[in-house]
Amino acid sequence: MTGFTVALLVVVAVAGLLRWRRPAWYWLTFGVTLATLRVLVRYRSVMEACGLTVPPPRWRLAIARMAGRPAPESRAPRILRLRPTRTGLVLRLGLRPGQDAFDVAASCDRLRHSFAMYGVTSREIRSGVVELRMTGYDVLAKVQMPAKLDRVPMRVPVALREDGAVHYRDYRTTPHALTIGATKSGKSVYQRNLVAELAAQDVTLVGIDCKQGVELFPLARRFSALADNPDTAADLLDALVTQMEGVYQLIRAEQRIATDVPDAEIAADIWDLPEHLRPTPIVLLVDEVAELALFATKEEEKRRDRIITALARLAQLGRAAGIYLEICGQRFGSELGKGITMLRAQLTARTAHRVNDEASANMAFGDIAPDAVLAAISIPTDTPGLAVTGDSTGGWARIRTPHTSMRQAVNACNRHAHRTPELPGLAAFRPELPPTVSLVKIPAQPAEAPASA
């Protein structure tokens, strides 16, 4: 056996071991090269087999007939760019006349098998240009966020998408969000990771946790206001509505509407205000919203109507005042009473973890992305943190949140506790923090001398 054969066997064995135990390392060492060659070699035949080719134009057929040459072949979409990434390949295609982006999207599953990739998703970049994002391995099996993340004000990374891209929670684009999921589905970890990322930004965190505060109160050093029961939550929401009205009065006073003021300087929300006048944006996190909507007596029904009305007002009017909602719960539908569907209509961003029935998935995606309902109910029980996310555009994707322990979230909140603003209107709901105990080392007492006989 020659040395070359031995080296080849060693390389094959290493590649097989990496593909089994470390798929990310395998992709970066061997997989990206093999996948690129496979795509380039099979491209034309795969496009033809998937029905993504168009007949040649008539003028080419006429020239071929006049020259006595064979008829030209059908044309596949042009490859504009092929770029490898740390998780797969990005293939940008220029469509031929008569082709549509929907045809490419409908063929993603066939392209995945033909190119021997783990997953293929498509999106339209602009008219006539489609981008295929192909993943070489299951990036959601063990979530590893990239080392470099694009963190900007009011835009935080919270999960990894199935195509290898980072999923961001952008409050400026989608102000309010709804997150649902059954018990042990990863909903609390998603919320915990969101709080840990927001803790490093100049933002006011307000929480409502009716499970006696077991989820949010450990993070209290970074929260400006917290409520652990429906009665306190009702008063806190009223205070937020009052805070919102005060911010609108500030915006009105600083609109500077005059004939000699450019349109770009006319304030319409807090982001148009000068930085020294701009109030700190507020993110309200509600854990288990159903506890706020349930009632058993007439008094509780009045309290419930007061809470839902305040939440609906904040969802409808809070965006310009810099108030953003994060509503979490196991179920969120019309069975919670009047006003719930009106509130849900204002929650643009939707995230559904594993749910127990199809009706729960319909509550999240039935009115914006019906195709995501089947994906939400097919999430297995052994993959906590896996979820389906969508918005009002109709698009959706699978995501998975990196596991963030309670200790990691508490450490992040304690580290950024100095960023916690003190709002006078919310001072009554400021959580009571335990005093910091400093451990003083007590010197050891000298041992007593033994008694003499």
Side-chain angles (χ1 to χ4, degrees), residues 176-185 187-192 194-195 198-199 203-244 282-315 318 323-333 335-340 342-344 346-347 406 409-410 413 417 420-435:
H176 312 303
L178 170 64
T179 303
I180 65 171
T183 304
K184 302 294 290 183
S185 64
K187 182 175 76 279
S188 297
V189 175
Y190 175 87
Q191 185 185 58
R192 196 182 302 158
L194 183 64
V195 173
L198 287 173
V203 61
T204 301
L205 296 180
V206 177
I208 297 177
D209 182 6
C210 289
K211 293 190 295 186
Q212 299 301 313
V214 296
E215 293 288 348
L216 296 182
F217 270 76
L219 315 173
R221 294 189 183 277
R222 188 56 184 87
F223 276 78
S224 299
L226 279 172
D228 62 353
N229 60 80
D231 292 324
T232 307
D235 297 334
L236 175 56
L237 291 173
D238 289 341
L240 284 176
V241 171
T242 305
Q243 173 76 14
M244 177 183 67
I282 298 174
V283 176
L284 170 63
L285 297 105
V286 179
D287 190 1
E288 203 52 66
V289 66
E291 288 298 319
L292 300 177
L294 298 177
F295 63 91
T297 63
K298 287 293 183 180
E299 293 299 324
E300 292 181 354
E301 183 180 7
K302 294 179 181 179
R303 182 195 63 198
R304 179 255 177 216
D305 293 341
R306 177 181 161 200
I307 290 175
I308 299 302
T309 301
L311 283 174
R313 293 187 65 189
L314 291 173
I323 299 178
Y324 308 101
L325 305 185
E326 287 285 342
I327 308 295
C328 299
Q330 297 186 29
R331 289 180 62 87
F332 194 85
E335 71 274 5
L336 296 181
K338 60 182 180 179
I340 286 295
M342 180 178 64
L343 174 60
R344 184 180 61 178
Q346 306 296 328
L347 306 177
M406 180 62 80
V410 169
C413 291
T420 306
E422 296 185 6
L423 302 182
L426 303 180
F429 308 97
R430 187 70 183 258
E432 296 182 2
L433 303 177

Item to check | Within-4.5 Å side-chain heavy-atom neighbours: R430 and E422 | outcome: yes
Checklist entry - Nearest 0.5 Å, what's the CG-CG distance between L311 and L284? => result 7.0 Å
Item to check | Rounded distance [0.5 Å steps], CG in L426 versus CG in L240 | outcome: 5.5 Å
Item to check | Inter-residue atom distance K187.NZ - Q330.CD, 0.5 Å rounding | outcome: 5.0 Å
Checklist entry - Who pairs with F332 by ring-ring contact (aromatic ring centres under 6.0 Å, His included), at least two apart in sequence or on another chain? => result none
Checklist entry - Does D228 offer a backbone N or O that forms a donor-acceptor pair with the side chain of T232 under 3.5 Å? => result no
Checklist entry - Does a side-chain heavy-atom distance below 4.5 Å link D305 with K338? => result yes
Checklist entry - Minimum heavy-atom separation for A239 to G425, with atom names? => result CB-O, 3.8 Å
Item to check | Between OG1 on residue T204 and CG on residue L423, distance to nearest 0.5 Å | outcome: 4.5 Å
Next on the checklist: With a 3.5 Å distance limit and no angle check, can you tell me whether R222 reaches the backbone of A199 through a side-chain donor-acceptor pair?
Outcome noted: yes
Checklist entry - Can you check whether T179 reaches L194 side chain to side chain, under 4.5 Å on heavy atoms? => result no
Next on the checklist: Less than 4.5 Å apart, side chain to side chain, heavy atoms only: is that true for M406 and L219?
Outcome noted: yes
Item to check | Interatomic distance, Q243 atom CD to I282 atom CD1 [nearest 0.5 angstrom] | outcome: 4.5 Å
Checklist entry - So, do M244 and V241 sit near enough that their side-chain heavy atoms are less than 4.5 Å apart? => result yes
Checklist entry - So, does R303 use its side chain to make a donor-acceptor pair with the main chain of F295 at under 3.5 Å? => result no
Item to check | Heavy-atom check, side chain of C210 versus side chain of E288, under 4.5 Å | outcome: no
Checklist outcome for this item: Shortest non-hydrogen pair, L236 vs G207, comes out as CD2-O, 3.9 Å
Checklist entry - Step by step, would you call Q191 with L216 a side chain to side chain contact (heavy atoms under 4.5 Å, CB included)? => result CA-CA 9 Å; Q191 185 185 58; L216 296 182; 3.9 Å; yes
Checklist outcome for this item: Note: I308 and A293 closest approach over all heavy atoms is CD1-CB, 4.4 Å
Next on the checklist: Please determine whether side chain to side chain contact (heavy atoms under 4.5 Å, CB included) holds for the pair L314 and Q346, giving the CA-CA distance in whole Å, both sets of side-chain angles, and the decisive distance to 0.1 Å.
Outcome noted: CA-CA 10 Å; L314 291 173; Q346 306 296 328; over 6 Å; no
Next on the checklist: Is there a side-chain contact between V286 and L325 in this structure, where contact means two heavy atoms from C-beta onward sitting under 4.5 Å apart?
Outcome noted: no
Next on the checklist: Ignoring hydrogens, what is the shortest heavy-atom contact between A315 and H176? Give both atom names and the distance.
Outcome noted: O-NE2, 3.0 Å
Checklist entry - Got a salt bridge between D235 and R306, using NZ or NE/NH1/NH2 to carboxylate O under 4.0 Å? => result yes
Item to check | Test item: V206 and F429 side chains (from C-beta on) under 4.5 Å apart, heavy atoms | outcome: no
Checklist entry - Among all residues two or more places apart in sequence or in another chain, which pass the side-chain contact (heavy atoms from CB on, under 4.5 Å) test with K302? => result E299
Checklist entry - Is the backbone N or O of R221 less than 3.5 Å from a side-chain atom of T420, with the two atoms forming a donor-acceptor pair by type? => result yes
Checklist outcome for this item: Correct closest heavy-atom pair for P431 and A220 would be CG-O, 3.7 Å
Checklist entry - When rounded to the nearest 0.5 angstrom, what distance separates CG in D209 from CG in L226? => result 8.0 Å
Next on the checklist: Looking at D238 and A310, would you say the former's side chain and the latter's main chain have a donor-acceptor pair under 3.5 Å?
Outcome noted: no
Next on the checklist: If we ignore hydrogens and angles and just use 3.5 Å, is the side chain of S224 paired with the main-chain N or O of P421 as donor and acceptor?
Outcome noted: yes
